[in-house]
There are 4 protein chains.
Amino acid sequence: MKKKEEVRKTQIMKAAYNAVSELGYDNVTLQHIADNAGVSKGVVHYYFNSKQNILLELLESITNQIYRYELEAIDKHQTAIEKLKAYLDAVFISPQKNRKFYSVYLDFLAQANGNEDYKRINMNFYENCWGIGKEIIELGKKEGVFRQESDTLTNAKMMRALIDGSLIQWLTCNEEELHQFYKDSCINSILNLLQYSKE
Amino acid sequence: MKKKEEVRKTQIMKAAYNAVSELGYDNVTLQHIADNAGVSKGVVHYYFNSKQNILLELLESITNQIYRYELEAIDKHQTAIEKLKAYLDAVFISPQKNRKFYSVYLDFLAQANGNEDYKRINMNFYENCWGIGKEIIELGKKEGVFRQESDTLTNAKMMRALIDGSLIQWLTCNEEELHQFYKDSCINSILNLLQYSKE
Amino acid sequence: MKKKEEVRKTQIMKAAYNAVSELGYDNVTLQHIADNAGVSKGVVHYYFNSKQNILLELLESITNQIYRYELEAIDKHQTAIEKLKAYLDAVFISPQKNRKFYSVYLDFLAQANGNEDYKRINMNFYENCWGIGKEIIELGKKEGVFRQESDTLTNAKMMRALIDGSLIQWLTCNEEELHQFYKDSCINSILNLLQYSKE
Amino acid sequence: MKKKEEVRKTQIMKAAYNAVSELGYDNVTLQHIADNAGVSKGVVHYYFNSKQNILLELLESITNQIYRYELEAIDKHQTAIEKLKAYLDAVFISPQKNRKFYSVYLDFLAQANGNEDYKRINMNFYENCWGIGKEIIELGKKEGVFRQESDTLTNAKMMRALIDGSLIQWLTCNEEELHQFYKDSCINSILNLLQYSKE
DNA sequence: CATGAATGAGGGTTCATTCAT
DNA sequence: CATGAATGAACCCTCATTCAT
């Protein structure tokens with residue numbers, strides 16, 4: 001693939017991300033995406049062949065970007081607790097970015113029930129996220145700061161469930177200022193889940 | 001409202017629930033709903049004025065039904081722990097019913113970002129759910145089985161986040177047999193969240 | 001099928017016939033057909049489900065109509081020669097009608113190469129036409145006016161080849177007044193093909 | 001015109017012939033033609049200015065080639081009967097080549113009704129074909145093997161009608177092995193048309 | 001000369017909504 | 001009340017044509 005093609009695809013992908021986040025999955029049209037990218041409708045087809053393809057690549061692209069960002073974040077720290085906090089900082093990045101990502105991601109989750117391609121891509125994202133969770137929990141166990149008897153993978157899944165559930169709740173509650181609240185609550189709950197009793 | 005009208009609306013509502021759960025929010029047409037209800041397309045319009053209205057009432061109807069069912073479940077028990085288990089039993093009612101409800105509910109959550117009416121209805125559902133959570137947690141604190149220092153509403157919100165996050169995760173993982181796993185994990189995690197350390 | 005539906009389909013079919021004869025197979029749009037029928041574009045889909053269906057039914061309809069007309073024509077006469085002339089009268093019905101039918105029919109023949117449905121319908125038309133030819137030739141043999149030694153089906157096929165070839169030639173030559181010439185030449189040639197030498 | 005240009009145009013013309021014979025007149029795109037020729041879309045436009053032009057030149061080219069081939073064929077023989085058989089051998093050259101040529105030619109005939117350029121080119125082809133017929137028939141008359149009283153041009157036209165009608169019929173009947181049957185039947189019918197009675 | 005990226009008009013099709021019966 | 005025929009706007013997609021590189 002040539003460089004120009006790469007640039008164009010990225011440009012259109014970003015436009016699609018903007019368009020879906022603004023209009024929602026089923027209201028988005030190729031025209032919207034094209035307008036957002038500042039190109040003609042034909043160009044979008046030229047590079048992606050179909051609307052379905054754009055959306056597939058969009059889901060793959062944004063979940064991979066999120067994952068890589070989270071991965072980088074935890075790699076910068078050494079201890080389990082620090083990594084956990086860095087992870088949550090990465091996840092709860094900012095109200096604006098969370099709103100954008102989760103509104104689009106929620107659309108895809110809804111579509112996934114009935115679309116095996118979306119399911120597969122999301123499954124991959126889940127496994128990546130669980131992987132981060134496992135890494136942190138295992139380290140914490142080794143360090144002796146997390147309980148030994150709990151199942152690592154199970155807790156990793158619960159961690160992600162809590163995170164997704166929290167951000168979806170936050171998104172729907174429509175109050176920007178609750179972002180910090182959900183972030184703090186999430187961290188506390190996860191620590192409760194994993195740590196020895198602090199008493 | 002006459003009795004016949006009531007009957008008709010209920011019939012159409014059920015048809016809409018079936019149709020949306022089978023086809024997904026954006027693939028559903030009035031024709032599908034009408035077919036599923038065994039009536040003509042005109043009837044659907046006659047009683048609901050617009051497709052949007054059907055879907056609005058559908059969201060309201062199913063969230064209220066779920067809430068009432070959960071409320072009844074916890075009312076049958078006396079202690080916090082029993083109520084909590086009854087609540088989770090009601091929430092994780094069965095793979096079939098969870099699949100149906102959560103696939104439709106997820107569609108609505110996705111739509112809610114950009115539709116104030118959906119947001120309002122879902123907000124109401126959230127508050128109802130938090131109410132249940134609060135009731136259980138407060139009772140548990142009174143009984144002395146749950147930690148006193150934690151914030152009740154916050155924990156109620158985290159409970160619901162964990163539940164929704166778990167069922168969404170389960171839905172997308174596409175493995176029916178994980179239903180029990182997510183239910184058990186959810187209960188354990190919530191207990192961890194609320195109880196004194198068991199050591 | 002209700003009467004009204006029948007009427008509508010006929011109306012649209014006629015409009016499609018007009019539109020294809022005027023614009024040609026690949027230039028015809030649903031809008032043209034709808035305009036010609038005086039209805040909206042949606043109606044055409046309502047009754048035929050797809051453009052392809054309209055055209056399939058059109059081919060079937062016009063070939064069947066032509067066949068029935070030809071059949072009626074020869075049934076009104078008793079002798080082979082009279083039947084043959086009636087057949088040719090029916091085939092060379094008028095410049096206007098021949099132009100219309102053959103321009104549309106030629107379009108379908110061209111499409112048939114690569115469309116099994118069209119092929120099947122045309123094959124049926126061919127067999128009907130050969131049937132007429134066979135009936136006339138067999139009668140002529142019985143009457144003793146046509147040569148005995150020739151193969152009936154082969155001659156029936158050649159008769160139709162001559163007719164189609166003539167009308168296609170006439171159509172392309174673009175001179176209305178040659179219609180009579182081709183009709184006469186066709187009759188003479190067919191008689192030459194079938195009869196004993198007149199010397 | 002430079003040599004390179006000539007080569008390029010021939011190359012594209014052949015590609016167009018292949019493409020139209022495979023895909024049909026209305027399904028062919030410039031991309032198909034370009035792909036088939038192993039060049040870019042731009043080249044096709046550069047040498048022909050428009051798609052319409054390619055097709056025009058294609059019709060002219062293939063009809064001229066067929067005509068020259070038929071002409072050469074009859075020039076190799078001396079007597080009318082021999083020339084006639086050579087002509088039919090040239091026309092019914094092979095199932096493969098006939099299928100290719102007639103499927104494309106039929107497409108053009110269908111288009112001709114409404115396109116004066118195609119009509120003109122085909123008219124020229126007709127006149128060339130009639131010329132061959134006339135040459136053969138006149139020779140036969142001179143030789144005394146064909147009937148004197150018949151009109152030469154008329155019979156030449158009927159000959160061509162029979163040939164075209166036969167090959168179109170053969171094409172649509174979709175049975176390769178009938179090729180020989182139609183060839184034989186055509187020769188016999190033409191001889192019947194032209195010769196003195198054999199009794 | 002040659003490429004293929006870009007355009008945008010126009011196609012078939014879907015479907016919520018309307019309304020005559 | 002109930003039906004479903006009719007409408008037409010809006011969608012995705014195709015492709016001849018143009019033109020910068």
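In what follows, chains are A, B, ... by sequence order, proteins preceding strands, each numbered from 1.
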Visitor: How many whole angstroms separate atom CG of A/L55 from atom C1' of F/dC11?
Guide: 14 Å
Visitor: Taking all non-hydrogen atoms of both residues, which atom of D/D107 and which atom of C/A110 are closest, and how far apart?
Guide: OD1-CB, 3.4 Å
Visitor: Under the salt bridge (charged side-chain N to carboxylate O under 4.0 Å, His left out) rule, collect the residues that match up with B/D35, sequence neighbours excluded.
Guide: none
Visitor: Report the distance from atom CD of A/E5 to atom C1' of E/dT3, rounded to the nearest whole Å.
Guide: 14 Å
Visitor: So if I take residues 14-30 of chain B and measure heavy-atom distances to DNA chain E, which residues fall below 4.0 Å?
Guide: B/V28, B/T29, B/L30
Visitor: Got a sec, which residues hit side-chain contact (heavy atoms from CB on, under 4.5 Å) with B/T63, two or more places apart in sequence or on another chain?
Guide: B/L59, B/Y105, B/I121, B/F125
Visitor: Atom CZ of A/R8 to atom C1' of F/dA20: distance rounded to whole Å?
Guide: 12 Å
Visitor: Short of 4.0 Å, heavy atom to strand atom, which residues of residues 37-52 of chain D count as contacting DNA chain F?
Guide: D/K41, D/H45, D/S50, D/K51
Visitor: Is any side-chain heavy atom of D/Y46 closer than 4.5 Å to a side-chain heavy atom of D/E5?
Guide: no
Visitor: D/N27: which residues meet the side-chain contact (heavy atoms from CB on, under 4.5 Å) condition with it, sequence neighbours left out?
Guide: D/L23
Visitor: List for me each residue that meets salt bridge (charged side-chain N to carboxylate O under 4.0 Å, His left out) alongside B/K119, sequence neighbours excluded, and say none if there are none.
Guide: B/E116
Visitor: Once side-chain contact (heavy atoms from CB on, under 4.5 Å) is applied, do any residues pair with A/N115, and if so which ones, sequence neighbours excluded?
Guide: A/Q52, A/D117, A/Y118
Visitor: Does a donor on one side chain and an acceptor on the other come within less than 3.5 Å for C/Q111 and D/D26?
Guide: yes
Visitor: Could you tell me how far apart B/I33 (CD1) and F/dT3 (P) are, to the nearest whole angstrom?
Guide: 16 Å
Visitor: Determine yes or no for a side-chain-to-main-chain donor-acceptor pair under 3.5 angstrom, with A/Q31 supplying the side chain and A/K41 the backbone.
Guide: no
Visitor: Round to the nearest Å and state the distance from A/Q31 atom CD to E/dG8 atom P.
Guide: 10 Å
Visitor: Please list all pairs meeting ring pair (Phe, Tyr, Trp, His ring centres under 6.0 Å) that have one or both residues in residues 2-33 of chain D, counting only residues at least two apart or in different chains.
Guide: D/Y25-D/F108
Visitor: Name every residue in residues 107-116 of chain D that has at least one heavy atom under 4.0 Å from any atom of DNA chain E, in order of residue number, or write none if there are no such residues.
Guide: none
Visitor: Write out the stems for DNA chain F, ordered by first number and formatted as range with range, counting runs of at least 3 consecutive Watson-Crick or G-U wobble pairs under 3.5 Å.
Guide: E:2-21 with F:2-21
Visitor: Please name the pair of heavy atoms, one in A/S21 and one in B/N113, separated by the smallest distance, quoted to 0.1 Å.
Guide: O-ND2, 4.2 Å
Visitor: Does B/E57 have any salt bridge (charged side-chain N to carboxylate O under 4.0 Å, His left out) partners at least two apart in sequence or in another chain, and if so, which?
Guide: B/K9
Visitor: Rounded to whole Å, how long is the line connecting atom CG of B/D35 with atom P of F/dG4?
Guide: 10 Å
Visitor: Output the rounded distance in Å from NZ (C/K4) to C1' (F/dT3).
Guide: 11 Å
Visitor: Who pairs with D/R99 by salt bridge (charged side-chain N to carboxylate O under 4.0 Å, His left out), at least two apart in sequence or on another chain?
Guide: D/E176
Visitor: If you measure from the P atom in F/dT21 to the same atom in E/dC1, how many Å do you get, rounded?
Guide: 22 Å
